Amino acid sequence: MSFLVGKAVQDVVAGAPNNGEGSDNIGVVKSMRVGRDTYPYVSAQAFRRWLRDSLPADEPRSKVTRDGKSGGKNQQAYTAGRPDLYLDDDLFGYMVAVKKENFQRDTVLATGTLVSVTPQRPTLDFGTMSRDFPAGEHPVIHQHQLYSGVLAGDLLLDLPRVGVFETDGSGLRVAVAPAVAEEARSNGAEPLTFRGVAAVRLPLEERRRRVAVLLRALASLRGGAKKALHYGDRTPALVLLAPVLGGVNPFTRVLAARDGRPVFDADVFRQEFEAWQDQLDGTVLIGWAPGFLGDQRDRVAADLKDLIDHKKVVVEHPRTVLTGLARRIEAGDHDDWFEDAA
């Protein structure tokens, strides 16, 4: 049993990738205050939306249904709740509560908020709209925030739960209705007891495929607000993935602020690697785009040379790391990661 844990890092340059609630004609980016400092962030909801939107065009999506009047008190929105049919229902989870029936799937892909590693004070950009206005007419004034920063968030993918759906359980909403479970079984799913609960499990080939699709979507990630004015690359500038025998992410503190700049701390990485080495279930993959954080990539590779030489750590391009792992998973090289210890 393995979890893929690690970090995803965005390099935002003069951007406004995720906005909050503005006022008047002023658009604001999402940010948080820690003491006197301001840290821009991209919400986990936005990041997950980017991932969904980056799935292949031919990958079926679960349709969203909206109930209730717009602006009303009792409005709700929910997906089809069919993880047997849709990758996004399987990996991202859902809750469906209609007609006295409740079905819920906790997320298989856990994503943290992408928060700026260093404090950043967003800039307020002043703009006007006056095209085709008569001479002497006052322009329409508008303003919005933008910033540059390195944003990082944690990731966790519960591999044994991919393609496994609970059909029973006390105190918990089941994932699928009996009729859905029966349909899944007729299409090749197998019944099993999973973590003490009755469940059905899709064929291993489909489970491999879904993880590979997700990894490739992360490698070609796109999205973000204000692309007309502040388009920027949203593929990860750095991604770290480690197969771990439990749900702990040892590498959450490898990126830190030093003298006002983000740094990858190779000493912290090594200490965490050594402390958790008995729980690591394979090579730690570091995808690092050339040029990101200056010469730190070369310095970290030199500091970790012994681990790289023994194939315990890999430092390559993010796309190479993610697509290579996707290929190996599809080929069955890591099938043991999908098996639950229980």
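Keep in mind that what you see is a predicted model, and the values were worked out from it rather than measured.
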Residue pairs, two or more places apart or on separate chains, that pass ring-ring contact (aromatic ring centres under 6.0 Å, His included) and touch residues 218-267: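 Every pair satisfying ring-ring contact (aromatic ring centres under 6.0 Å, His included) with a residue in residues 218-267: His144-His230, Phe251-Phe269, Phe264-Trp288.
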Measuring only between side-chain heavy atoms, which start at C-beta, is [X] closer than 4.5 Å to [Y]?
X	Y	value
Arg82	Glu183	yes
Phe273	Leu304	no
Val174	Phe103	yes
Arg216	Arg319	no
Ser116	Thr118	yes
Pro160	Trp337	no
Leu218	Pro236	yes
Thr38	Pro119	no

Start with the C-alpha gap between His334 and Leu159, add the side-chain angles, then the distance that decides, and say whether side-chain contact (heavy atoms from CB on, under 4.5 Å) holds. CA-CA 10 Å; His334 299 299; Leu159 287 167; over 6 Å; no
[X] side chain vs [Y] backbone, donor-acceptor pair below 3.5 Å:
X	Y	result
Thr283	Lys312	no
Thr167	Ala198	yes
Ser148	Ala14	yes
Asp11	Ala237	no
Gln120	Val150	no
Arg48	Leu51	no
Thr320	Glu316	no
Ser62	Thr79	no

Determine the minimum heavy-atom distance between [X] and [Y], stating which atoms define it.
X	Y	answer
Ala242	Leu280	CB-CD2, 4.3 Å
Ser54	Leu221	OG-CA, 3.5 Å
Leu151	Leu114	CD2-O, 3.5 Å
Phe165	Ala175	CB-CB, 4.1 Å
Gly15	Pro17	C-CD, 3.5 Å
Phe194	Ala199	CB-CB, 4.0 Å

If the test is side chain to side chain contact (heavy atoms under 4.5 Å, CB included), which one of [options] qualifies with [X]?
X	options	value
Arg161	Asp106, Leu91, Asp340	Asp106
Lys7	Thr252, Leu238, Val239	Thr252
Gln145	Ile26, Asp125, Thr123, Val28	Val28

Other residues, nucleotides, ligands: >12 heavy atoms within 6.0 Å of [X] [atom1]:
X	atom1	result
Met32	CE	yes
Glu59	CD	yes
Arg121	CZ	no
Asp278	CG	yes

Ion pair check, [X] and [Y], cut-off under 4.0 Å:
X	Y	value
Lys30	Glu21	no
Arg185	Glu182	yes
Asp303	Arg299	no
Glu190	Arg201	yes

Does the ring of Tyr86 carry Arg61 above it, NZ/CZ under 6.0 angstrom from centre and within 45° of its axis? no
Should [X] and [Y] be regarded as members of a common hydrophobic cluster, given that ILVMFWY residues are connected when their side-chain heavy atoms come within less than 4.5 Å of each other, either directly or indirectly?
X	Y	answer
Phe47	Val12	yes
Leu325	Val213	yes
Val9	Val268	yes
Val300	Val263	no
Leu4	Leu55	yes

Among Arg253, Gln271, Arg270, Arg258, which residue satisfies the side chain to side chain donor-acceptor pair (under 3.5 Å) criterion with Asp265?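 Result for side chain to side chain donor-acceptor pair (under 3.5 Å) with Asp265: Arg258.
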side-chain contact (heavy atoms from CB on, under 4.5 Å) between Val313 and Ile286: does it pass, once the steps are laid out? CA-CA 7 Å; Val313 174; Ile286 302 174; 4.0 Å; yes
Spatial distance of atom [atom1] ([X]) from atom [atom2] ([Y]) [nearest 0.5 Å]:
X	Y	atom1	atom2	result
Leu156	Thr111	CG	OG1	10.0 Å
Leu155	Leu109	CG	CG	6.5 Å
Arg328	Thr323	CZ	OG1	9.0 Å
Leu241	Leu157	CG	CG	9.0 Å
Asp281	Asp336	CG	CG	5.5 Å
Phe338	Arg207	CZ	CZ	6.5 Å

Using the salt bridge (charged side-chain N to carboxylate O under 4.0 Å, His left out) definition, which of the options Asp89, Asp90, Asp158, Asp88 pairs with Arg105? Asp90
Would Asn19 and Lys226 satisfy side-chain contact (heavy atoms from CB on, under 4.5 Å), going step by step from the backbone distance to the final call? CA-CA 9 Å; Asn19 294 313; Lys226 291 195 176 296; 3.9 Å; yes
Could you walk me through whether Val180 and Asp84 satisfy the side-chain contact (heavy atoms from CB on, under 4.5 Å) test, starting with their C-alpha distance in whole Å, then the side-chain angles of each, then the deciding distance to 0.1 Å, before giving a yes or no? CA-CA 8 Å; Val180 173; Asp84 56 319; 3.7 Å; yes
What verdict does the salt bridge (charged side-chain N to carboxylate O under 4.0 Å, His left out) test give for Arg209 and Glu206, after you've listed the backbone C-alpha separation in whole Å, the side-chain angles of each residue and the deciding distance to 0.1 Å? CA-CA 5 Å; Arg209 187 194 73 84; Glu206 173 62 12; 2.9 Å; yes
